[in-house]
Protein chains: 2
Amino acid sequence: MARTTGSDGGRTEAAIREAAISLIARYGYEAVSMRQLAAEVGVQAAALYRYFPTKEDLLFTLMREHMEGLLAAWDAARLATADPRARLAAFVRNHIRFHVERRHSTHVSNMELRSLSRDNLTQILRLRTSYEKELRQILRDGAEAGVFVIDDVGLTAIAIIQMITGVIVWFRPDERLSVEEVAETYLSMTMRLTGAEMPREVQHVHAHA
Amino acid sequence: MARTTGSDGGRTEAAIREAAISLIARYGYEAVSMRQLAAEVGVQAAALYRYFPTKEDLLFTLMREHMEGLLAAWDAARLATADPRARLAAFVRNHIRFHVERRHSTHVSNMELRSLSRDNLTQILRLRTSYEKELRQILRDGAEAGVFVIDDVGLTAIAIIQMITGVIVWFRPDERLSVEEVAETYLSMTMRLTGAEMPREVQHVHAHA
DNA sequence: GAATTAATTGAACGTTCGTTTTATTCTCGT
DNA sequence: ACGAGAATAAAACGAACGTTCAATTAATTC
């Protein structure tokens with residue numbers, strides 16, 4: 001046999017990405033074989049190499065697109081206001097929403113960094129750093145304005161990101177809590193953590209329509 | 001050749017554990033081969049099977065001992081007092097200290113859960129749950145006593161553990177901050193997060209001499 | 001409808017994997 | 001001095017790994 005009826009490169013590539021994210025999130029990059037991935041897609045292993053030159057390149061592509069998507073989402077959700085509390089609220093809400101909606105690719109991006117080559121790793125870390133820098137700037141502005149109580153901006157930024165990313169460990173989409181409820185709970189923890197009194201108007205400014 | 005001069009089962013087994021923790025923490029369980037591990041120890045791959053029946057059994061042993069060590073450390077560090085703030089402080093200090101001192105095995109225990117079989121995974125998760133239960137009890141007591149402000153005890157417990165475990169991501173033993181300084185910074189963030197006013201006496205009750 | 005391009009198969013490559021087997025050498029109690 | 005058993009080496013096992021390649025068919029173009 002050879003080309004199958006109804007085959008379409010675009011659809012196959014999308015199916016590969018989707019299957020790869022879900023399989024790698026569940027079993028880990030090293031534990032997923034190209035044959036296993038191909039079987040999930042419904043093709044032979046050799047067909048994968050039409051779309052991605054190597055297994056690592058596939059992983060790198062998934063991670064890069066995840067990080068670029070996160071930065072793009074934040075660019076769309078960020079507020080023009082100068083109030084650090086409103087900006088922090090927008091950051092937390094965007095982060096929670098994005099990660100809850102992409103649990104699998106978040107898992108991949110957080111857990112499989114060590115499977116990247118040096119150059120690819122550097123690129124992903126650069127994206128991650130520029131995202132964290134956004135939060136550090138908010139915290140620094142808030143600390144200088146006196147609305148936040150922060151010992152160490154860098155350490156607090158890492159702690160907050162660690163905390164709010166942890167939502168993907170336990171959150172399942174079909175549970176008692178909605179994404180909005182979870183986001184609000186994490187937001188109030190974040191606000192207390194930064195020593196911010198949360199004013200009424202911030203509580204109702206949602207980053208997403 | 002066969003048995004080598006100066007060979008000693010006890011020392012070999014200890015060397016295997018040590019090398020396995022460090023290699024798996026760095027490269028991941030799936031990426032480390034038995035031959036690579038044996039080379040690090042300085043023996044042939046077959047010699048490993050004298051001490052651990054399978055590769056997964058080695059991983060499971062490392063994880064189980066890590067979790068048992070964590071629970072034992074908490075048993076030794078816990079305070080008899082009824083004050084939830086002092087108990088929470090003891091919990092955070094013990095957690096930070098333990099994890100900073102065992103960065104590698106913590107990494108293994110947190111990252112390699114998916115490489116365990118169902119039965120082994122269940123055992124590790126049972127240990128983890130009983131540890132988390134300790135924190136939940138402290139938070140619940142504090143909330144009932146009115147010294148903590150907590151929306152959701154379970155969610156807050158996960159958030160705190162996620163946050164304070166994150167220390168191993170960035171902390172390196174030879175940096176500007178000592179373990180004690182890091183622990184105090186995380187403790188003050190935890191106290192603010194739980195809405196606790198930290199009284200003077202708690203600030204100086206160290207769980208470890 | 002022939003020529004061209006896109007998509008996929010099936011078989012094979014050399015390598016490495018976890019593990020087993022067998023033989024050999026060292027250590028230690030007696 | 002010696003027998004027993006602990007500790008290891010060396011070689012081999014079949015299976016699985018990522019990847020390549022030639023062949024083949026479906027879709028597209030003219």
Side-chain angles (χ1 to χ4, degrees), chain A residues 1-21 23-24 26-63 108 112 114-120, chain B residues 1-21 23-24 26-63 108 112 114-120:
Chain A
M1 297 195 199
R3 181 166 190 174
T4 52
T5 52
S7 62
D8 177 325
R11 256 185 290 135
T12 302
E13 178 167 352
I16 292 173
R17 286 164 194 262
E18 212 173 306
I21 288 174
L23 284 177
I24 295 174
R26 181 152 37 214
Y27 303 110
Y29 170 76
E30 297 276 1
V32 174
S33 71
M34 295 300 268
R35 287 172 178 83
Q36 184 184 357
L37 172 57
E40 184 83 6
V41 176
V43 299
Q44 291 296 317
L48 303 176
Y49 289 85
R50 180 158 206 79
Y51 305 95
F52 300 96
T54 65
K55 189 187 179 189
E56 195 204 320
D57 195 83
L58 167 57
L59 175 65
F60 173 66
T61 300
L62 298 177
M63 285 182 154
V108 173
E112 308 296 348
R114 60 187 165 198
S115 293
L116 294 177
S117 68
R118 252 183 56 94
D119 285 358
N120 286 344
Chain B
M1 296 194 203
R3 181 167 190 173
T4 52
T5 312
S7 63
D8 177 326
R11 257 184 291 136
T12 304
E13 177 167 352
I16 292 173
R17 287 163 194 263
E18 213 174 306
I21 287 174
L23 284 177
I24 295 174
R26 181 152 37 214
Y27 303 111
Y29 169 76
E30 298 275 0
V32 174
S33 71
M34 295 300 268
R35 286 173 178 83
Q36 184 184 355
L37 172 57
E40 183 84 6
V41 176
V43 299
Q44 291 295 316
L48 303 176
Y49 288 86
R50 181 151 210 75
Y51 304 96
F52 301 95
T54 66
K55 188 186 180 190
E56 195 205 318
D57 195 83
L58 167 58
L59 174 65
F60 173 65
T61 300
L62 299 177
M63 286 182 154
V108 173
E112 308 297 349
R114 60 187 164 199
S115 292
L116 294 176
S117 68
R118 251 182 56 93
D119 285 358
N120 287 344

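In what follows, every chain begins at residue 1, and chains take the letters A, B, ... in the order their sequences are listed.
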Phosphate-side-chain proximity, [X] and [N], N/O vs OP1/OP2 below 4.0 Å:
X	N	answer
A:Thr5	D:dA27	no
B:Thr12	D:dA7	no
B:Gln44	D:dT8	no

Problem set entry | Separation of atom OH in B:Tyr49 from atom P in C:dT22, rounded to whole Å | 17 Å
Exercise. Between atom CG in B:Leu48 and atom C1' in D:dA7, what is the gap in whole Å?
Worked result: 12 Å
For this session: Count the heavy atoms belonging to other residues, nucleotides or ligands that lie under 6.0 Å from CD of A:Gln36, then report whether that count exceeds 12.
Result: yes
Tell me, please, which residues at least two apart from [X] pass side-chain contact (heavy atoms from CB on, under 4.5 Å).
X	value
A:Ala31	A:Tyr27, B:Glu30
A:Ala19	A:Leu37, A:Glu40, A:Val41
A:Ala45	A:Arg35, A:Ala38

For this session: For A:Arg114 and B:Ile24, work out which heavy atoms get closest and say how close.
Result: NH1-O, 3.7 Å
What's the closest nucleotide to the side chain of [X] if the choices are [options]?
X	options	value
A:Arg50	C:dA6, D:dC21, D:dA11	C:dA6
A:Ala47	C:dT21, C:dT8, D:dT8	C:dT8
A:Ala45	D:dT19, C:dT19, C:dT21	D:dT19

Exercise. Does anything in residues 51-60 of chain A reach DNA chain D, meaning a heavy atom under 4.0 Å, and if so which residues?
Worked result: A:Thr54, A:Lys55
Problem set entry | Strand contacts (DNA chain D) in residues 30-37 of chain B, 4.0 angstrom heavy-atom criterion | B:Arg35
Seminar exercise, completed: Those residues at least two apart in sequence (or on a different chain) that pass salt bridge (Lys or Arg N to Asp or Glu O under 4.0 Å) with B:Arg118 are none
For this session: Go through the structure and list residues passing salt bridge (Lys or Arg N to Asp or Glu O under 4.0 Å) with A:Arg26, not counting sequence neighbours.
Result: none
Exercise. When rounded to the nearest 0.5 angstrom, what is the spacing between CD1 in A:Ile16 and CG in A:Leu62?
Worked result: 10.5 Å
Taking only distance into account, with no hydrogens and no angle test, what donor-acceptor pairs under 3.5 Å do side-chain atoms of residues 47-58 of chain A form with protein atoms, sequence neighbours excluded?
residue : atom : partner  : partner atom : Å
A:Thr54 : OG1  : A:Asp57  : N            : 3.0
A:Lys55 : NZ   : A:Tyr29  : O            : 3.0
A:Lys55 : NZ   : A:Val32  : O            : 2.7
A:Glu56 : OE2  : A:Ser117 : N            : 2.8
A:Glu56 : OE2  : A:Ser117 : OG           : 3.3
A:Glu56 : OE2  : A:Asn120 : ND2          : 2.9

